[in-house]
K.L.:
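Sharing a structure, written as structure tokens. Questions coming.
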Amino acid sequence: MCIKLVIFILSDSSEFRDNLKLAYSAAVSRRQQFLIRCLGGSTEKKNFNFQSIRMQSVMSSGPSLEAESVSILTSIIPGLESTKHKGQAGKIAVVGGCREYTGAPYFSAISALKIGADLSHVFCTKDAAPVIKSYSPELIVHPILEESYSIRDDEKSSISAKVIAEVEKWMERFDCLVVGPGLGRDPFLLDCVSHIMKHARERNVPMVIDGDGLYLVTNCLDLVSGYPLAVLTPNVNEYKRLVQKVLSSEVNDENGTDQLLSLAKGIGGVTILRKGKSDFVSDGKTACAVSIYGSPRRCGGQGDILSGSVAVFLSWARQCAAKGEVSMNPTILGCVAGSALLRYAASMAFDKKKRSTLTGDIIECLGRSLQEICPV
């Protein structure tokens, strides 16, 4: 079954403002109902069955579609309560960052915090750590990964074991791993990361795979094959390589939904978020599209924001699923929520900065976007 979620076409700025006001009003109404429930009212929260969302045409437009997007986000965002302790809103770890690439892991990790995760870790190479630390004191940076150039061949086995052991002692604390931002393609480093992914899988820790993590997975599908808690977030080129590897064919946009379903199914039921003008999501059983908002500015780093966003929303969706509050696959919900929020924030940043919009501008709009969707 193919479900088209939160499809909306912007025609002009006034239409955008009108629907934004409508979305805001709907969010306020839901927050009021939440407060009534907290005070013992009768508007008890019902289980939200996202499978029941009606199918919509891609060319449809109207206020009800935007309300569905807001419903998905607000239904999995946890409330802010004084009784909660540090860590309950999510502990995210990013595995990535090397000599050449220090921005990507920072973007992913700081986005997770900006959205509402309590703790955000980065496991990177020793060269990258001081740079990433200098970006923000909010991140917990672990300078433990190594690249081939810095070690001798006779040291590789012992150093690999130390790296894996260091990450393993933290593993049970994490609600989700983001693997790949700024990782690079050093063979020794990738081998260590493949072992880290195996340990995460053994402990049922969800993984969002992006960037060079997708390069690793495409060349070693067994790392994620058959693991339902794995999310792949390929761009156009990464998606092309996955299709060629798994389906032995070329990308077919005319029958894109069926091909995406086949690809997810071919990797054993992982969830794939295919990034593009519209973001398409599938776990091999259902498929949906997110086309709201967005920005024409394609500066590098937006995929890193998305990976951190999906990690947080996925962890929150799993909490909701454990309580019986949602029935749809949490990985699907995490992808839809992460995609929608990024598009909202990108639109807000572009409205202010236009052509000069950078990834940092979008990150600064994440909190405001979330507040407008789900007021505190």
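Numbers for residues simply follow the sequence, beginning at 1. Just so it is clear, the values below take in all heavy atoms, side chains as well, and ignore hydrogens, waters and symmetry mates.
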K.L.:
Lys84: which residues meet the side chain to side chain contact (heavy atoms under 4.5 Å, CB included) condition with it, sequence neighbours left out?
P.N.:
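So Lys84 forms a side chain to side chain contact (heavy atoms under 4.5 Å, CB included) with Pro78, Glu81, Gln88.
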
K.L.:
Checking side chain to side chain contact (heavy atoms under 4.5 Å, CB included) for the pair Val205/Leu229: CA distance, chi angles, key distance, verdict?
P.N.:
CA-CA 7 Å; Val205 177; Leu229 295 179; over 6 Å; no

K.L.:
Is the CZ atom of Arg185 crowded by more than 12 outside heavy atoms at less than 6.0 Å?
P.N.:
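Buried by this count: over 12 neighbours within 6.0 Å.
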
K.L.:
Identify all side-chain donor-acceptor contacts of residues 171-181 below 3.5 Å with residues at least two apart in sequence or on another chain.
P.N.:
unit_1	atom_1	unit_2	atom_2	d
Asp175	OD2	Lys91	N	2.8

K.L.:
If hydrophobic clusters are built from ILVMFWY residues whose side chains come within less than 4.5 Å, do Val131 and Val122 share one?
P.N.:
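Yes, Val131 and Val122 fall within the same hydrophobic cluster.
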
K.L.:
Report the C-alpha distance between Leu261 and Thr257 in whole Å, list the side-chain angles of each, state the deciding distance to 0.1 Å, and finish with yes or no for side chain to side chain contact (heavy atoms under 4.5 Å, CB included).
P.N.:
CA-CA 6 Å; Leu261 284 161; Thr257 300; 4.2 Å; yes

K.L.:
Taking all heavy atoms of Gln302 and all of Arg298, pick out the closest pair and write down the distance.
P.N.:
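Minimum heavy-atom contact is OE1-NH1, 3.3 Å.
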
K.L.:
Side chain to side chain contact (heavy atoms under 4.5 Å, CB included), that's the test. Do Tyr101 and Leu183 meet it? Break it down for me.
P.N.:
CA-CA 7 Å; Tyr101 308 115; Leu183 185 61; over 6 Å; no

K.L.:
Which distance, rounded to the nearest 0.5 Å, do you find between the CD1 of Ile110 and the OH of Tyr135?
P.N.:
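These two atoms lie 12.5 Å from each other.
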
K.L.:
Would you check if the side chain of Lys275 reaches a backbone N or O of Thr233 as a donor-acceptor pair within less than 3.5 Å?
P.N.:
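Confirmed, Lys275 side chain pairs with Thr233 backbone.
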
K.L.:
Which distance, rounded to the nearest 0.5 Å, do you find between the CZ of Arg274 and the CG of Leu242?
P.N.:
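Interatomic distance, Arg274 CZ to Leu242 CG, rounded to 0.5 Å: 11.0 Å.
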
K.L.:
Hydrophobic clustering (ILVMFWY, side-chain heavy atoms < 4.5 Å, transitive) - are Ile164 and Ile144 grouped together?
P.N.:
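Hydrophobic grouping puts Ile144 apart from Ile164.
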
K.L.:
Hey, what do you get for SG (Cys220) to NZ (Lys198), rounding to the nearest 0.5 Å?
P.N.:
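The NZ atom of Lys198 is 6.5 Å from SG of Cys220, to the nearest 0.5 Å.
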
K.L.:
Go through the steps for Leu232 and Ile267 under the test side chain to side chain contact (heavy atoms under 4.5 Å, CB included), then give the verdict.
P.N.:
CA-CA 10 Å; Leu232 313 184; Ile267 312 179; 4.0 Å; yes

K.L.:
Just to verify, what does Asn255 make a side chain to side chain contact (heavy atoms under 4.5 Å, CB included) with, not counting sequence neighbours?
P.N.:
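Partners of Asn255 by the side chain to side chain contact (heavy atoms under 4.5 Å, CB included) criterion, ordered by chain and then number, come out as Asn252, Asp258.
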
K.L.:
Any side-chain to backbone donor/acceptor pair from Asp253 onto Gly256? Under 3.5 Å, distance only.
P.N.:
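It does not hold such a pair.
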
K.L.:
Closest approach of Leu113 and Ala117, non-hydrogen atoms and distance?
P.N.:
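Closest approach of Leu113 to Ala117: CD2-O, 3.4 Å.
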
K.L.:
Looking only at heavy atoms, what is the nearest atom pair of Thr331 and Pro228, with distance?
P.N.:
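So the minimum-distance heavy-atom pair works out to CG2-O, 3.6 Å.
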
K.L.:
For the pair Ser315 (side chain) and Val312 (backbone), establish whether a donor and an acceptor sit closer than 3.5 Å, ignoring hydrogens and angles.
P.N.:
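Such a contact is found between Ser315 side chain and Val312 backbone.
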
K.L.:
To the nearest 0.5 angstrom, please state how far the CG atom of Asp186 sits from the OG atom of Ser150.
P.N.:
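One finds 8.0 Å between CG of Asp186 and OG of Ser150.
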
K.L.:
Keeping the roles fixed (side chain from Asp212, backbone from Tyr215), state whether a donor-acceptor pair exists under 3.5 Å.
P.N.:
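Side chain of Asp212 to backbone of Tyr215, a donor-acceptor pair under 3.5 Å: no, none is there.
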
K.L.:
Sequence neighbours left out, what passes side chain to side chain contact (heavy atoms under 4.5 Å, CB included) with Thr357? Give chain and number order.
P.N.:
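Scan of Thr357 (side chain to side chain contact (heavy atoms under 4.5 Å, CB included), adjacent residues dropped) gives Arg297, Ala349, Phe350, Lys353, Asp361, Ile362.
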
K.L.:
Kindly indicate, with the supporting measurements, whether the criterion side-chain hydrogen bond (donor to acceptor under 3.5 Å, both in side chains) is fulfilled by Ser111 and Ser309.
P.N.:
CA-CA 6 Å; Ser111 295; Ser309 302; 5.3 Å; no

K.L.:
Supply the atom-to-atom distance Tyr239 OH to Ile272 CD1, rounded to the nearest 0.5 angstrom.
P.N.:
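CD1 of Ile272 is found 6.5 Å from OH of Tyr239.
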
K.L.:
Quick check against the 3.5 Å criterion: does Asp283 have a side-chain atom that pairs as donor or acceptor with the backbone of Thr286?
P.N.:
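Yes.
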
K.L.:
For Lys126, give me all partners under salt bridge (charged side-chain N to carboxylate O under 4.0 Å, His left out), at least two apart in sequence or on another chain.
P.N.:
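Counting only residues at least two positions away or on another chain, Lys126 forms a salt bridge (charged side-chain N to carboxylate O under 4.0 Å, His left out) with Glu146.
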
K.L.:
Could you report the tightest heavy-atom contact between Ala129 and Pro143, atom names first, then the distance?
P.N.:
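The answer is CB-CB, 3.3 Å.
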
K.L.:
Any donor-acceptor pair under 3.5 Å linking the side chain of Glu325 with the backbone of Gln319?
P.N.:
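Checked: no pair found.
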
K.L.:
Under 4.5 Å between side-chain heavy atoms, counting indirect links through other Ile/Leu/Val/Met/Phe/Trp/Tyr residues: same cluster for Leu119 and Ile115 or not?
P.N.:
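No, because Leu119 and Ile115 fall into different hydrophobic clusters, even though each may have its own neighbours under 4.5 Å.
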
K.L.:
Kindly compute the distance separating CD1 (Ile92) from CG (Leu139), expressed to the nearest 0.5 Å.
P.N.:
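Going from the CD1 atom of Ile92 to the CG atom of Leu139 covers 12.5 Å.
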
K.L.:
Could you verify whether a donor N or O on one side chain and an acceptor N or O on the other, from Glu372 and Tyr344, lie under 3.5 Å apart?
P.N.:
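Yes.
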
K.L.:
Do side-chain atoms of Ser120 reach the backbone of Ile140 as a donor and acceptor pair under 3.5 angstrom?
P.N.:
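Not at all, since once roles are kept as given, no pair shorter than 3.5 Å links the two residues.
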
K.L.:
Without swapping roles, check the side chain of Ser225 against the backbone of Asp222 for a donor-acceptor pair under 3.5 Å.
P.N.:
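No, the answer is negative, given that no donor and acceptor are paired below the 3.5 Å cut-off.
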
K.L.:
Check step by step if side-chain hydrogen bond (donor to acceptor under 3.5 Å, both in side chains) holds for Asp279 and Ser339.
P.N.:
CA-CA 7 Å; Asp279 292 338; Ser339 172; 2.6 Å; yes

K.L.:
Can you check whether Cys365's main-chain N or O pairs, donor with acceptor, with Ser369's side chain at less than 3.5 Å?
P.N.:
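Yes; at least one donor-acceptor contact below 3.5 Å.
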
K.L.:
May I ask you to decide if the ring planes of Trp170 and Phe123 are parallel, tilted or perpendicular, using 30° and 60° as cut-offs?
P.N.:
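Trp170 and Phe123: perpendicular rings.
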
K.L.:
Suppose we screen for side chain to side chain contact (heavy atoms under 4.5 Å, CB included). Which residues come up paired with Ala161, at least two apart in sequence or across chains?
P.N.:
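Result, side chain to side chain contact (heavy atoms under 4.5 Å, CB included) vs Ala161: none returned.
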
K.L.:
Would you confirm whether Ser108, through its side chain, and Pro105, through its main-chain N or O, come within 3.5 Å as a donor-acceptor pair?
P.N.:
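It does not hold such a pair.
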
